[in-house]
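Here is the structure we will look at, set down as structure tokens.
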There are 2 protein chains.
Amino acid sequence: MNLRELSTQLGLSQTTVSRALNGFPEVSEETRARVRAAAELHGYRPSAAARRLATGQSGTIGLVFPGERHMLSDLLLTEFLGGCVSKASELSYDITLAMAHGSQSEEAVYRRAVRNARVDAMILSSPLISDPRPALLRQLGMPFIVHGRTQSSEPYGFLDIDNEGAFFSAAKLLADLGHRRVALLNGERHYNFAADRERGFRRALEGRGIITNDPFISAAPMVEQTGLVQAQRLIGLPVSQRPTAFLCSSIGLAIGVKRACAAHGLQIGRDIALIAHDDRIHDMGAETFDPPLTATQSSIGDAGRRLVELCVAMLRQPDNPLPSEVWPADLIVRQSTMAAPGV
Amino acid sequence: MNLRELSTQLGLSQTTVSRALNGFPEVSEETRARVRAAAELHGYRPSAAARRLATGQSGTIGLVFPGERHMLSDLLLTEFLGGCVSKASELSYDITLAMAHGSQSEEAVYRRAVRNARVDAMILSSPLISDPRPALLRQLGMPFIVHGRTQSSEPYGFLDIDNEGAFFSAAKLLADLGHRRVALLNGERHYNFAADRERGFRRALEGRGIITNDPFISAAPMVEQTGLVQAQRLIGLPVSQRPTAFLCSSIGLAIGVKRACAAHGLQIGRDIALIAHDDRIHDMGAETFDPPLTATQSSIGDAGRRLVELCVAMLRQPDNPLPSEVWPADLIVRQSTMAAPGV
DNA sequence: TTTTATTTCCAAAGCGCTTTGAATGATTTT
DNA sequence: AAAATCATTCAAAGCGCTTTGGAAATAAAA
């Protein structure tokens with residue numbers, strides 16, 4: 001059942017039926033109701049393909065799959081994707097994934113996506129401090145929104161969490177608890193979020209005479225293995241020099257830290273204080289950690305949902321100012337933090 | 001630059017240009033070359049939307065995001081998705097994700113996907129032993145291919161690995177090594193792959209007087225936590241009754257088993273034999289396990305790639321017989337297996 | 001009553017491609 | 001030389017929707 005059939009059925013023109021169905025004002029409520037009823041009755045569904053051709057909109061948002069892994073570590077990716085897809089479904093948008101393949105550069109992926117015009121907009125994730133993608137997409141005329149922020153002179157829409165503030169609060173808590181040697185297990189340095197977190201960390205501790213030397217800061221993929229290795233290295237230091245507290249950029253890292261502690265007979269929350277950022281990954285909640293983990297938290301799934309929402313809003317009202325949301329990441333104090341030994 | 005412009009440029013009809021570009025035989029090689037050159041020169045890209053409308057094909061393959069988590073555990077999902085997307089890119093197909101949202105049943109998701117006709121075909125993953133989806137999609141007239149198999153009387157295309165054979169070989173190896181108490185840590189029972197694996201396991205051990213009692217078989221989400229809990233339970237048994245070997249359906253489970261062993265001072269490859277199925281997840285290779293893990297292996301990423309390939313082939317040649325590929329999962333013996341104690 | 005808005009609806013022109021059915025000219029065959 | 005065959009090319013009809021620019025009918029204003 002297509003539009004023509006439906007309209008002849010109703011004795012109306014395609015124009016009127018189309019407008020009735022799409023909520024245009026210049027059609028009387030009475031006929032609108034009639035049209036709606038008939039559409040419902042005959043199970044009429046407009047053809048996505050025809051609409052796309054006519055409007056030039058594809059009803060699709062693109063997402064580039066990270067080529068190198070642990071770029072967005074896998075668990076984060078799934079959770080984020082889940083959020084995007086679920087909100088997109090609600091708004092009857094599609095999410096399509098692209099990926100750099102073979103020898104193709106990532107830039108080529110974006111160029112191809114734009115050329116083929118199969119997506120109306122793109123979501124950029126894991127932006128680097130200095131990321132070429134916003135400039136590229138703007139130049140190509142493809143609308144986009146960034147999950148996170150980047151150092152860029154040109155304007156762009158984004159949704160980010162307050163990484164600096166979160167890590168400032170967390171580090172400050174540790175300082176207030178009397179910790180004087182605090183380690184930061186962070187993500188890789190070229191990511192903007194990692195830089196923000198380190199800045200918050202330093203701002204809270206510096207000027208208090210608290211050591212924030214390089215050996216106490218790691219910047220590496222945020223996986224358990226990294227946490228284990230780095231914590232082992234730090235715990236292996238002489239007792240008077242080793243950190244009494246760890247601040248981790250992910251729960252995965254925290255798991256590694258815990259294992260390293262266990263291997264040394266140290267208990268989290270008694271011998272070592274531990275705070276991690278909690279992205280609210282399914283089945284990896286800070287509250288189910290043992291002991292329950294003090295954490296800065298912000299749901300990456302919700303971020304995905306909201307990004308899609310913002311993206312669609314951008315497409316529908318292109319004249320609105322670009323979105324720029326910064327979500328707080330509240331510090332939830334649980335049992336993994338305690339006063340520094342000897343305080 | 002669209003087809004009309006290009007064709008007037010060339011002094012040819014749209015028909016000829018279209019056919020030249022799409023490799024139809026009834027156009028001379030000379031004009032084909034001319035057309036190609038001109039298209040290249042002007043950077044002509046056919047409009048996906050127009051093509052979709054004209055052909056009724058969307059150039060898109062759909063994948064339904066598992067609503068409940070650990071259905072396809074997250075890491076597997078990412079790896080699988082990565083494979084699908086990478087091959088789809090090569091074939092210039094798109095992958096779009098759908099998802100059950102809110103109160104919607106999963107069936108509704110499929111129905112909606114079909115109604116909206118935004119995908120040409122779908123890939124079904126993680127089929128249950130008795131799965132309603134193949135019947136549903138066939139009835140709705142949506143082409144599909146299954147990653148795995150299911151108990152179904154009606155025909156369907158699929159790509160699966162030889163789960164039964166793999167677990168038969170693995171269990172047989174353990175038996176040959178003299179193990180008499182072997183535990184199976186499997187995925188949840190309603191999944192077809194889990195049933196296949198259990199069957200292979202039993203076939204290898206039964207009739208050899210080897211215990212395959214229920215207490216030695218677990219069927220639960222294939223995550224580390226499950227491995228830890230189940231192994232702790234089993235290792236907690238009196239020494240004369242506890243298993244001397246574990247067969248795991250995933251490396252995640254194996255990690256849990258190893259942790260349980262470590263807690264009991266048991267060493268994999270010396271005190272306890274361990275074999276796991278290795279889906280070749282990035283950064284989780286059996287060969288980097290400590291000790292290197294004896295494993296049945298088959299890349300889930302490659303499976304994703306191949307499924308897309310088969311799917312596209314199905315669409316292009318609808319008259320070909322339905323694909324039915326079963327990949328072997330070779331048993332690679334490494335250092336985690338040894339003769340049973342006292343043999 | 002005539003004029004002017006206002007509301008409601010319509011015909012027709014795209015959107016850019018594929019594909020059917022036919023025409024043209026060149027080549028063979030009779 | 002006429003008829004038949006083949007290799008190329010083309011004009012035109014969709015695909016199913018949106019949207020422009022009126023037109024008809026009704027209501028309000030003069």
In whole Å, what is the span from the CG atom of A/Asn22 to the P atom of C/dC9?
16 Å

Which residues pass the side chain to side chain contact (heavy atoms under 4.5 Å, CB included) test with B/Thr150, sequence neighbours left out?
B/Pro127, B/Asp131, B/Pro134, B/Ser152, B/Tyr156

Residue pairs passing the salt bridge (Lys or Arg N to Asp or Glu O under 4.0 Å) test with at least one member in residues 30-51 of chain B, sequence neighbours excluded, are B/Glu29-B/Arg32

For the residue pair A/Leu97 and A/Leu81, establish whether any side-chain heavy-atom pair is separated by less than 4.5 Å.
yes

Taking DNA chain D as the partner, which of residues 11-18 of chain A come within under 4.0 angstrom of it by heavy atom?
A/Gln14, A/Thr15, A/Ser18

Find which nucleotide of DNA chain D each of A/Arg4 and A/Arg19 is nearest to by heavy atoms, and output the residue with the more 5' nucleotide.
A/Arg4

Check: A/Tyr44 and A/Leu3 side chains under 4.5 Å, non-hydrogen atoms
yes

Sub-4.5 Å side-chain heavy-atom contact between B/Glu90 and B/Val308:
no

So side-chain hydrogen bond (donor to acceptor under 3.5 Å, both in side chains) across residues 307-320 of chain B, not counting sequence neighbours, yields B/Lys87-B/Glu309, B/Arg306-B/Glu309

Side chains of A/Thr96 and B/Thr60: closer than 4.5 Å at any heavy-atom pair?
no

Could you work out, with side-chain hydrogen bond (donor to acceptor under 3.5 Å, both in side chains) as the rule, every residue matching A/Tyr110, not counting sequence neighbours?
A/Arg133

When the C1' atoms of the five terminal pairs at each end define the local axes, what inter-axis angle does the helix from C/dT1-D/dA30 to C/dT30-D/dA1 show, to 10 degrees?
50°

Do any of residues 30-42 of chain A sit with a heavy atom less than 4.0 Å from DNA chain D, and if so which?
none

Integer-rounded Å distance: C/dT7 C1' and A/Phe24 CZ:
17 Å

Would you list the atom pairs, donor with acceptor, under 3.5 Å between side chains in residues 17-25 of chain A and any protein atom, with sequence neighbours excluded?
from, atom 1, to, atom 2, distance (Å)
A/Asn22, ND2, A/Ser18, O, 3.3

Just to verify, what does A/Ser92 make a side-chain hydrogen bond (donor to acceptor under 3.5 Å, both in side chains) with, not counting sequence neighbours?
none

Whole Å only: how far is the CD atom of B/Glu26 from the P atom of C/dA22?
16 Å

Both B/Leu3 and A/Pro25 contact DNA chain C. Taking the nearest nucleotide for each, which residue is further toward the 5' end?
A/Pro25

DNA chain D: first to last nucleotide in contact with chain B (atom under 4.0 angstrom from a heavy atom), 5' to 3', is D/dT8 to D/dG16

Hey, is the main chain of B/Arg149 close enough, under 3.5 Å, to the side chain of B/Asn192 for a donor-acceptor pair?
yes

B/Gln9 meets the side-chain hydrogen bond (donor to acceptor under 3.5 Å, both in side chains) criterion, sequence neighbours left out, with none

Within the 4.0 Å heavy-atom criterion, would you say A/Arg52 contacts the bases, only the backbone, or no part of the nucleic acid?
nothing

Partners of B/Ser58 by side-chain hydrogen bond (donor to acceptor under 3.5 Å, both in side chains), sequence neighbours excluded?
B/Asp120

A/Leu10 CG to C/dC10 P, in whole Å, measures 10 Å

